[in-house]
Undergrad: 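The following block contains the structure, expressed as structure tokens.
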Amino acid sequence: MAEIKDNKDIYILAIESSCDDTSAAVMRGDTVLSNVTAGQAVHEQYGGVVPELASRAHEQNIVPVVDAALKKAGVVKEQLSAVAFTRGPGLMGSLLVGVSFAKGLAASLGIPMIEVNHLQGHIMAHFIKEEGVEKNVPEYPFLCLMVSGGNSQIVKVNSYKEMEIIGQTIDDAAGEAIDKCAKIMGLGYPGGPIIDRLARNGDAGAYTFSKPHIPGYDYSFSGLKTSFLYTLRKLVADDENYIEKNKENLAASFEATVVAVLMDKLYKASKALKIKRIALSGGVSANTALRAAYADYAKRYGWEIFIPKFGFTTDNAAMIGIVGYYKFLDGDFCSMDKPAFTRTIL
Ligand code: KG4
């Protein structure tokens, strides 16, 4: 380990392997030096992530990805101050690859390990700095809409380690619902980016799908998916080419309903908690309509909005590295006996 005289001497290698992306990042203080991710195209043909195939691909990718991250950062492993890793939640087989690798590397280098919660990483992605890039980071407390393939939550963020879930989905996540809508339409996987692209040329008001009536700030998307399926079944029964002819309008209308549901609860939470600093996190935050809705609410309600750069919205190791950095400053290290975990709340 190199000598640490100030925070800029802290070098952290971060590893993320919770689902189907193998990612490694090198941080120097709170600045990302490299963030290398290997995706897994193998799942496309199955229309979803196949856990066993994901673990095998992580096994193949982890060494080259870490190697590439170190090289890109211009850092040798002897310079590292700590290894941060995603401990969970995620797929057990996938997590085990990253967790075991992190333990082995930290032990061999004699440096501390830092465990990071994947969801905390998504939220803290707003604090990743880049060399030469000016960045406005949210002040605490702020609200964060965390929308991914596995989660949809409104989180009140009081500090990097104190987060309260204000509302969350009681069934499907927003990304999962969008992926299922794409699957129903016979589109590829993951469906989110495809629906986004089609929706840009469609009429969001062409169809009306039933919205959930859930109390408080919780979400539900399974009824919307069923409403979409039944609407389509009827239409396809009369015209087997219906989807192909109307896919833009179908995508735009479904997407608009998901966005309206997300924004409605977020607005209510913001009003009740009197917090106007509103951040967006998770893979679905790449969505054009959702980003536009954020911009619109900022104008209408005076929200100060925070949307991370695309590369930091989907699963990546830099978001694990930034939490690792804050924990390093607090001396919050973990022992070798910490196992991976699959399910958790913040
Ligand atoms: O955070 P993420 O990369 O992975 C986890 O689930 O942890 O999120 C993936 C989700 C998928 O459901 C994917 O379809 C969705 O994010 N997604 C999008 C877009 N890009 C990715 N959904 C809507 N519009 C997009 N442009």
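Every number for a ligand or one of its atoms is a count from 1 in the order of the listing. Just so you know, these numbers come straight off a predicted model, no measurement behind them. Atoms considered below: every heavy atom in the structure, side chains included; atoms not considered: hydrogens, waters and symmetry mates.
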Undergrad: Might you confirm whether atom OH of Tyr301 has over 12 heavy atoms from other residues, nucleotides or ligands at distances under 6.0 Å?
TA: yes

Undergrad: Which residue holds the protein heavy atom closest to atom 7 (O) of ligand 1, what is that atom called, and what is the gap in Å?
TA: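 Result for atom 7 (O) of ligand 1: Asp315 OD1, 3.3 Å.
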
Undergrad: May I ask you to check whether Gly175 has an N/O atom sitting below 3.5 Å from an N/O atom of ligand 1?
TA: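 Gly175 vs ligand 1: N/O contact under 3.5 Å present.
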
Undergrad: Tell me whether Cys19 reaches ligand 1 (any heavy atom closer than 4.0 angstrom to a ligand atom).
TA: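 For ligand 1, residue contact (heavy atoms, under 4.0 Å) with Cys19 is absent.
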
Undergrad: At less than 4.0 angstrom from any non-hydrogen atom of Ala286, what atoms of ligand 1 do you find?
TA: 20 (N), 26 (N)

Undergrad: When you look for heavy atoms under 4.0 Å from ligand 1, do you find them on the side chain of Glu255, its backbone, both, or neither?
TA: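 Contact part for Glu255 vs ligand 1: neither.
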
Undergrad: Can you tell me the protein heavy atom closest to atom 23 (C) of ligand 1 and the distance?
TA: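 Of every protein heavy atom, Asn287 ND2, 3.4 Å lies nearest to atom 23 (C) of ligand 1.
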
Undergrad: For ligand 1, which atoms have a heavy atom of His122 less than 4.0 angstrom away?
TA: 1 (O)

Undergrad: Which residue and non-hydrogen atom of the protein lie closest to atom 21 (C) of ligand 1, and at what distance in Å?
TA: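 Looking only at protein heavy atoms, the one closest to atom 21 (C) of ligand 1 is Gly283 O, 3.4 Å.
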
Undergrad: Quick check on side chain to side chain contact (heavy atoms under 4.5 Å, CB included): which of Thr169, Leu145, Leu119 does Gln153 satisfy it with?
TA: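 When side chain to side chain contact (heavy atoms under 4.5 Å, CB included) is applied between Gln153 and each of Thr169, Leu145, Leu119, only Leu119 qualifies.
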
Undergrad: Is any side-chain N of the basic residue among Asp238 and Lys234 closer than 4.0 Å to the acidic one's carboxylate O?
TA: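 Salt bridge absent between Asp238 and Lys234.
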
Undergrad: Assess the side chains of His126 and Ser281: does a donor N or O sit below 3.5 Å from an acceptor N or O?
TA: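 Result is yes, a qualifying pair exists.
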
Undergrad: Specify side chain, backbone, both or neither for Asp179, according to which of its non-hydrogen atoms lie closer than 4.0 Å to ligand 1.
TA: side chain

Undergrad: Kindly confirm or rule out an N or O of Ile178 lying under 3.5 angstrom from an N or O of ligand 1.
TA: no

Undergrad: Which atoms from ligand 1 have a heavy atom of Pro190 less than 4.0 Å away?
TA: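 Result: 14 (O).
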
Undergrad: Output the list of atoms in ligand 1 that are nearer than 4.0 Å to some heavy atom of His118, sorted by atom number.
TA: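 Every atom of ligand 1 under 4.0 Å from some heavy atom of His118: 7 (O).
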
Undergrad: N/O to N/O below 3.5 Å, does that happen between Gly192 and ligand 1?
TA: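 N/O-N/O distance under 3.5 Å: yes.
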
Undergrad: Using heavy atoms and a threshold below 4.0 Å, how should the contact between Asp196 and ligand 1 be classified: side chain, backbone, both, or neither?
TA: side chain

Undergrad: Does the plane of the ring in Tyr294 sit parallel, tilted or perpendicular to the ring in Trp303? Use 30° and 60° as the thresholds.
TA: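 The arrangement is perpendicular - the two ring planes meet at more than 60°.
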
Undergrad: Between Asp296 and Arg300, does at least one N-O distance fall below 4.0 Å, as a salt bridge requires?
TA: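 Arg300 and Asp296: salt-bridged.
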
Undergrad: If you count every heavy atom of other residues, nucleotides or ligands that lies below 6.0 Å from Lys129 atom NZ, does the total exceed 12?
TA: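 No, NZ of Lys129 has 12 or fewer neighbouring heavy atoms, counting only those of other groups under 6.0 Å.
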
Undergrad: What protein heavy atom sits nearest atom 15 (C) of ligand 1, and how far off is it?
TA: Val284 CG2, 3.9 Å

Undergrad: Can you list the ligand 1 atoms lying under 4.0 Å from a non-hydrogen atom of Gly150?
TA: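 Close to Gly150: 6 (O).
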
Undergrad: Report the nearest protein non-hydrogen atom to atom 6 (O) of ligand 1: residue, atom name, distance rounded to 0.1 Å.
TA: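 Closest protein heavy atom to atom 6 (O) of ligand 1: Gly149 N, 2.7 Å.
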
Undergrad: Counting both backbone and side chain atoms, is some N or O of Thr314 under 3.5 Å from an N or O of ligand 1?
TA: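 Checking ligand 1 against Thr314, no N or O pair falls under 3.5 Å apart.
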
Undergrad: Under 4.5 Å between any side-chain heavy atoms of Leu232 and Met185, yes or no?
TA: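 Heavy-atom side-chain distance check passes, below 4.5 Å.
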
Undergrad: I want to check something: taking the side chain as every heavy atom from C-beta on, are Arg277 and Phe306 in contact at a cut-off of under 4.5 Å?
TA: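 Yes, at least one pair of side-chain atoms sits under 4.5 Å.
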
Undergrad: Are there over 12 heavy-atom neighbours, none belonging to Lys271, within less than 6.0 Å of that residue's NZ?
TA: no

Undergrad: I'd like to know whether NZ of Lys71 has more than 12 heavy-atom contacts from other residues, nucleotides or ligands below 6.0 angstrom.
TA: no

